[in-house]
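The structure under discussion appears below in the form of structure tokens.
In what follows, chains are A, B, ... by sequence order, proteins preceding strands, each numbered from 1. Values below: every heavy atom of this structure, side chains too, minus hydrogens, waters and symmetry copies. As the structure is a prediction and not an experimental result, all values here were calculated from the model.
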2 protein chains.
Amino acid sequence: MPSKASSSIKDGHTHKISEATVSRLPAYYRALSQLADAQQIRISSEELAALTGVSSAMLRKDLSHLGSYGTRGVGYEVEFLRYQISREMGLNQDWSVVIVGVGNLGRALAHYGGFGSRGFRVVALVDADQTLIGTKVKCGAEGKTVELLVHALSDLEDVIKETNARLGVVATPAESAQVVSDRLVKAGIRSILNFAPVHLSVPEGVDVRKVDLASELQILAFHEQRKAI
Amino acid sequence: MPSKASSSIKDGHTHKISEATVSRLPAYYRALSQLADAQQIRISSEELAALTGVSSAMLRKDLSHLGSYGTRGVGYEVEFLRYQISREMGLNQDWSVVIVGVGNLGRALAHYGGFGSRGFRVVALVDADQTLIGTKVKCGAEGKTVELLVHALSDLEDVIKETNARLGVVATPAESAQVVSDRLVKAGIRSILNFAPVHLSVPEGVDVRKVDLASELQILAFHEQRKAI
DNA sequence: GAGGATTTGTGCTTTTTTGCACAAATGTGT
DNA sequence: ACACATTTGTGCAAAAAAGCACAAATCCTC
């Protein structure tokens, strides 16, 4: 044991992980989970890179920011690496999610199985529509479906306090999104996933990620148009 | 009319627009559309930047890649700029979209109003589930709803030919996504929006944009975890 | 236990993206 | 007609991201 003695030091990776790397970690995590399900023990950066659509060099550099978890000449241990990523990303704990807006999209999100399987639990549904409030909506995919009551938007603060939700999903029409966002922030939510096609302005310290379906199609259309030359 | 005579020359902007710029154009377009609806005639880069969440310098540089459409000391004309962006992005034509996978998400997408209002028309629905094939699903938001028949996955190629769809949306489970993608490509589709949580490998010349809901939440969770320090 | 075959981790280079700051261009008021 | 207040467009600098290439570490075989 020549130099590996103080491994506890190198584990304490506090240096910043770049945003680009963070955005790719989920893909690595997902691929590793599938490999683990398929009982694969080890994988090389080359293979994992192919599975996730990045270059092997980029993959290795990304992973190196978490720590030195591979073995030269061998590769990475699937289960071990998966665990390290999940730990780094905070996926070994459960995250409670409140969805505001129970229209088509909100319901589809509530029903989406991909959440529950990765530590995300939809704990509350909120809407402004009087005809929806009080109704029950199925949450989660097969296996672990729960029926959730749709709460009134006016109860938002209480619902968040009671359920201890830390992530907010905005799936309302564009007109109401900013108001809803403001109230989420006021209720203590500091991480918001926004599906409404508007830019949300939030105070410093609050993160917003936006998913805009129409924008994605527009970007595709732009490139498609250029191909036709 | 002093120097504006030969404007047809400067319009021929063939130099490459950076990917980062392209990804922001939809947001500008949307904001400008809202401003136009609100009858606003002019807007400065500072204001438009605030509406879309970018810096004014970045906005100006982005727009400068399309052409010189602003007036110094004044700003941009809302309607004119909106038109220029839509032309550049190919939004003054209609784009036909085929959605494969008519589960919760697929249905929510079909129903989504944001598409139709921006030149995207869902022209076909396809699924592998025998219990869904032949059923009718409402497409589009209020005002212009159409009922579309769900076609069998085995008819995919025919459906694409008949409807002339150029954009494909994959809203299937992860297991079937790659197979569906291959068939879309074989049928001539070269632009795919993928909602399935897997990386799609496609031949060169085909564009894939992916929207992964769980990944977005994971990225938020990562940052949220760091805040708790 | 030495040599060869792998595969990681990373220093360095190149490319892309963002940010700054100011000259150029326009409108306004006198 | 001239000075002044705006606001765009852009050259240049800084920062971030991606790509290359190879030394270092490990395993395997003889």
Atom pair distance, as rounded to whole Å: CZ in B:Arg72 and P in C:dA23 | 12 Å
Aromatic ring proximity, centroids under 6.0 angstrom, A:Tyr69 and A:Phe80 = yes
Rounded (10°) bend between the five-pair end axes of the helix from C:dG1-D:dC30 to C:dT30-D:dA1 | 0°
Can you figure out which of C:dT8, D:dA21, D:dG9 approaches the side chain of A:Ser45 most closely?
-> C:dT8
Side chains of A:Ser96 and A:Arg166: donor-acceptor distance under 3.5 Å anywhere?
-> no
Should the heavy atoms of other residues, nucleotides or ligands under 6.0 Å from CD of A:Glu46 be counted, would the total exceed 12?
-> no
Is it the case that B:Arg42 and B:Tyr76 place a side-chain donor and acceptor less than 3.5 Å from each other?
-> no
Within a reach of under 6.0 Å around CZ of B:Arg183, are more than 12 heavy atoms found that belong to other residues, nucleotides or ligands?
-> yes
Rounded to whole angstrom units, what separation is found between the CZ atom of A:Arg42 and the C1' atom of D:dC28?
-> 12 Å
Please state whether the phosphate of D:dA17, meaning OP1 or OP2, lies under 4.0 angstrom from any side-chain nitrogen or oxygen of A:Ser18.
-> yes
Kindly point out which of D:dG9, C:dT17, D:dG19 is positioned nearest to the side chain of B:Glu19?
-> C:dT17
Rounding to a whole Å, what distance do you find between B:Arg60:CZ and D:dT6:P?
-> 15 Å
Rounded interatomic separation in angstrom, taking NZ from B:Lys61 and P from D:dC12 = 11 Å
Is any side-chain nitrogen or oxygen of B:Tyr76 closer than 4.0 Å to OP1 or OP2 of D:dT6?
-> no
Can you tell me if the side-chain N/O atoms of A:Thr71 get under 4.0 Å from OP1 or OP2 in C:dT8?
-> no
